[in-house]
Amino acid sequence: MLNLAVLGGAFGLIFVAELPDKTAIASLVLGAKYRASWVFTGVAAAFAVHVVIAVAAGSLIAQLPHRRVEAIVGALFLAGAVALWRRGAGDDDEEERVGEASAEAGFGRVAGMSFAVVFLAEFGDLTQILCANLAARYHAPLSVGIGATLALWAVALIAMLGGKTLLRVIPITAIVRVAALVMMGLAGYSLYTAARG
């Protein structure tokens with residue numbers, strides 16, 4: 001049975017937690033480069049799978065040692081930041097290739113790549129752990145699952161639509177560089193939190 005208060009609470013908490021997340025940045029970059037509907041298909045499927053995993057895992061994910069989770073997340077952020085920064089180096093003509101890349105890549109390739117990027121990036125993420133905590137606390141897995149899924153989809157859509165708009169004003173190289181800097185900041189914060197305990 002649906003509990004609308006739990007659904008709304010899960011939506012609000014997950015939405016706010018996901019806004020500054022690496023998967024929102026990934027959705028922005030992918031949405032700027034490829035057809036948004038294709039990207040959203042993959043992203044939405046990956047988020048749905050993660051919510052199912054989080055809700056099913058419930059309290060098990062929440063009981064992982066906090067320091068280890070933070071250290072792993074920090075390392076993943078740092079690796080993602082380095083990869084983004086290196087990808088942005090020397091890509092001054094990337095804006096011209098955006099349209100070509102979208103035309104060359106088919107639906108299956110774009111949706112599959114989007115699924116893989118978000119699926120890997122979201123594993124063990126704050127929102128997945130938060131979703132598991134909510135499911136364990138409220139004993140309303142369906143309400144938490146629907147609220148969390150809708151929140152994650154909403155953030156992805158906002159990021160993708162923003163990516164298309166940003167691309168008209170700012171070169172994709174700059175977007176990638178800013179995303180890399182944000183991810184470096186998140187890596188530093190996660191590693192600092194892990195070290196502090």
Side-chain angles (χ1 to χ4, degrees), residues 11 14-56 72-73 75-88 91 94-131 145-168 170-184 186-187:
F11 180 91
I14 299 292
F15 183 87
V16 170
E18 186 66 19
L19 275 176
D21 196 68
K22 62 192 171 295
T23 49
I25 295 166
S27 297
L28 184 146
V29 171
L30 288 166
K33 187 167 183 167
Y34 300 106
R35 185 177 291 177
S37 61
W38 296 358
V39 171
F40 183 71
T41 301
V43 168
F47 278 137
V49 169
H50 270 290
V51 168
V52 168
I53 291 169
V55 168
I72 291 167
V73 167
L76 289 173
F77 275 139
L78 189 58
V82 169
L84 272 175
W85 189 268
R86 290 180 69 198
R87 182 188 172 278
D91 278 351
E94 181 73 18
E95 299 85 17
E96 297 169 14
R97 293 190 302 218
V98 166
E100 296 170 20
S102 189
E104 289 174 14
F107 168 77
R109 182 169 171 225
V110 171
M113 177 180 55
S114 301
F115 178 90
V117 165
V118 170
F119 185 79
L120 293 173
E122 193 70 10
F123 225 90
D125 191 63
L126 168 68
T127 52
Q128 191 178 36
I129 293 169
L130 180 57
C131 184
I146 291 171
T149 302
L150 291 175
L152 293 167
W153 289 355
V155 170
L157 277 173
I158 290 168
M160 283 187 286
L161 296 175
K164 290 287 189 193
T165 304
L166 271 178
L167 196 56
R168 292 186 190 123
I170 302 171
I172 195 162
T173 303
I175 294 171
V176 169
R177 288 286 168 92
V178 169
L181 290 173
V182 168
M183 288 182 77
M184 278 186 208
L186 292 170

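None of these values were measured; they are calculated from a predicted model.
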Worked check of side chain to side chain contact (heavy atoms under 4.5 Å, CB included) between V110 and R35:
CA-CA 8 Å; V110 171; R35 185 177 291 177; over 6 Å; no
From CZ (F11) to CH2 (W153), nearest 0.5 Å:
12.0 Å
Looking only at heavy atoms, what is the nearest atom pair of V39 and L30, with distance?
CG2-O, 3.6 Å
Closest non-hydrogen atom pair between V55 and C131, with its separation
CG2-SG, 3.8 Å
Just how far is it from atom CD1 of I14 to atom OG1 of T149, taken to the nearest 0.5 Å?
9.0 Å
Tell me whether the rings of F107 and W38 are parallel (<30°), tilted (30 to 60°) or perpendicular (>60°).
perpendicular
List the atom of V43, the atom of A156, and the distance in Å for their closest heavy-atom pair.
CG1-CB, 3.6 Å
Please lay out, stage by stage, how I53 and F119 fare under the test side chain to side chain contact (heavy atoms under 4.5 Å, CB included).
CA-CA 11 Å; I53 291 169; F119 185 79; 4.2 Å; yes
